[in-house]
Structures are given as C-alpha cells and as structure tokens.
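Contents: one structure, followed by commentary.
Every chain is numbered from 1 and lettered A, B, ... according to where its sequence line falls, protein lines coming before strand lines. Worth knowing before you read on, the calculation uses all heavy atoms, side chains too, and leaves out hydrogens, waters and symmetry mates.
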Amino acid sequence: MPVRKFKKLTRAFYNRPTLEVAPDLLGKYLVYNSPRGKLSAKIVEVEAYIGQDDPACHAARGLTKRNAVMFGPPGVAYIYFVYGMYYCLNFVTEPEGIPAAVLLRAAEPAEGEDIMRQLSPGKNGCDLLNGPGKLCRSFGLTRDQNGLDLIDDYMYLEDRAVVIAEIGQSSRVGVKVGKDRRWRFYDRISKAISK
DNA sequence: TGAATGATGCGCT
DNA sequence: GCGCATCATTCAT
C-alpha cells in the first residue's frame, strides 16, 4: 500500500447533490499521474450542470454517445471536445442514471508545473490553468481520458485540508440558456480565476 | 479594458 | 449546415 499523506476523495463524495459537491470541490487538489509525470493543482473555479431539466447541460436532450458518461456512476471523469480545438474536464456527480457533472474551470498549479509549461508553451503560473480549455491542454487531457474512474490512482482528487475563505457565486460562463441558475462557484481570493 | 473575430472539428437537426 | 460549457489576437475607445 502506498503511503498517502492526504485523503483521496471517495465515490461517496461525488454521490451527492451536485450543488453540494461543486462548492466542496474548491480547495481540493486534482492529481494526475500522467505519462509525462505527476501533475497536481488546487481547484479554484467550478460550474454545475445538472440533469435533463437544465437547458445548458449536455444531457438536456437525453442520452447520446457523447454525454453517456454523465449518465453513469459518480466519481468518473467526463471529458468532451469543443470549439474544434479544446477539451473540458468534468467530474460526474449524483447516483447512476442521473446525468449531472461539475465542470472544472480553473486551478492553481502545484506539482509538475514544468510539465504543464511543456504542454502549453509560453505560459507560466496561473496562466497555465485559468480556463477549462487551457487546463486540459496543460494537463494533457484528451478524449482518451474520458470515462476515467477517479477512485483509481491514475487520476483522482485529494483533500489537503485547504480552507477557502471567500466563495463567490455567479451565473455560468459561456452559456446562453439557464442564466438564472447561478451555478458557478469560485475562490474570490485566487488569482487564477478564468477571464 | 472591452468588444469583435477567426481558428477549428465534431455532434446534432 | 449550424452551433458550441474556448482562447488568442486584433481593433476600438
């Protein structure tokens, strides 16, 4: 058994109402044992997408090949391709059968920043991860990692007992429908918030 | 500092 | 074809 300094989040963490999971994710660490080496980052901005009644959710029009992971068990990575060149990383929430997920929008680099710089040439520090597309590029995440179980050691979330002093809340970025749902949560102190 | 726009490919109508 | 849970660049103020 590997010695763990910090606690890995269990499936029970994700198997809850999405609006409880989303703010809880702030301050947690995303750890990815990538082929290039270990990467980690502190989560500072997320958005919730919940079920078939949420018009901005990919699952609003039912089950498709693309969004199938969201209908599956919680604690799984949902990664999709968008705008012809970017990927976005989500964490599936709620019991199996309920399509919901939390989009990871921004984080602060912790371990493996040199690897992130290789993947995103010309970027440094917070500019490496301050947006969902850039985050996936700097972590080297693609469709290949879609469906990864976050309970395994390949990629997971870790509780390093960080407390977020001020949590902000707002409408979600880049969505045209469902603006009344203020389901974006972010660390007001962080300098790594997306633009 | 903010608005407009092009890059780019895939899934859905 | 159209629209997209984006980003970097350009142009205007």
Rounded to the nearest 0.5 Å, what's the gap from CG on Leu129(A) to CD on Glu45(A)? Could you check? 12.0 Å
Which listed nucleotide (dA8(C), dC7(C), dA5(C)) is nearest to the side chain of Tyr86(A)? dC7(C)
Within residues 66-82 of chain A, those residues having any heavy atom closer than 4.0 Å to DNA chain C are Met70(A), Tyr80(A)
Between the side chains of Lys38(A) and Glu158(A), is the shortest nitrogen-to-carboxylate-oxygen separation below 4.0 Å, so that they form an ion pair? no
I need the Ile79(A) CD1 to Asn90(A) CG distance, nearest 0.5 Å. 8.5 Å
With rounding to the nearest 0.5 angstrom, report the CZ to OG1 distance, Phe71(A) to Thr64(A). 7.5 Å
Here the distance between atom P of dA5(C) and atom CD1 of Ile50(A), to the nearest Å, is 16 Å
Following the transitive rule for hydrophobic clusters with a side-chain heavy-atom cut-off under 4.5 Å over Ile, Leu, Val, Met, Phe, Trp and Tyr, establish whether Met70(A) and Val76(A) coincide in one cluster. yes
State, with a plain yes or no, whether a side-chain heavy atom of Asp24(A) is found less than 4.5 Å away from one of Arg16(A). yes
For DNA chain C, which residues of residues 139-146 of chain A approach it to below 4.0 angstrom with any heavy atom? none
Using the closest heavy atom to pick a nucleotide of DNA chain C for each, name whichever of Gly133(A) or Gly84(A) lands nearer the 5' end. Gly84(A)
Output the rounded distance in Å from OH (Tyr87(A)) to P (dC7(C)). 15 Å
Interatomic distance, Lys134(A) NZ vs dT6(C) P [rounded to whole Å]: 12 Å
Are Asn67(A) and Pro99(A) close enough that some pair of their side-chain heavy atoms sits under 4.5 Å apart? no
For Watson-Crick and G-U wobble pairs within 3.5 Å on both distances, what is DNA chain C written in dot-bracket notation, | included for inter-strand pairing? ||||.|||||||.
Tell me which one of Val92(A), Thr93(A), Ile98(A) satisfies side chain to side chain contact (heavy atoms under 4.5 Å, CB included) with Thr18(A). Thr93(A)
Does dT6(C) have OP1 or OP2 under 4.0 Å away from a side-chain N or O of Arg105(A)? yes
With a 4.0 Å cut-off (strictly under) to non-hydrogen atoms of chain A, the first and last hit nts on DNA chain B, 5' to 3', are dA7(B) to dT13(B)
Touch check for Thr64(A), heavy atoms < 4.0 angstrom, all strands: base, sugar-phosphate only, or nothing? sugar-phosphate
Got a second to check how far Arg181(A)'s CZ is from Glu47(A)'s CD, nearest 0.5 Å? 13.5 Å
Rounded distance in Å - CZ (Arg61(A)) to P (dC4(C)): 9 Å
Is it the case that atom NZ in Lys179(A) sees more than 12 heavy atoms from other parts of the structure closer than 6.0 Å? yes
Do Arg11(A) and Pro74(A) have side chains that approach each other closer than 4.5 Å (heavy atoms only, starting at C-beta)? yes
Under a single-linkage definition using a 4.5 Å side-chain heavy-atom cutoff for Ile, Leu, Val, Met, Phe, Trp and Tyr, are Ile167(A) and Leu19(A) assigned to the same hydrophobic cluster? yes
Contact list for DNA chain C against residues 166-190 of chain A - heavy-atom distance below 4.0 Å: Gly174(A), Val175(A), Lys176(A)
Applying ring pair (Phe, Tyr, Trp, His ring centres under 6.0 Å) as the test, list every pair that has at least one member in residues 81-117 of chain A; sequence neighbours left out. Phe81(A)-Tyr87(A)
Can Tyr154(A) and Tyr32(A) be said to form a ring-ring contact (aromatic ring centres under 6.0 Å, His included), step by step? CA-CA 6 Å; Tyr154(A) 197 40; Tyr32(A) 176 37; 5.5 Å; yes
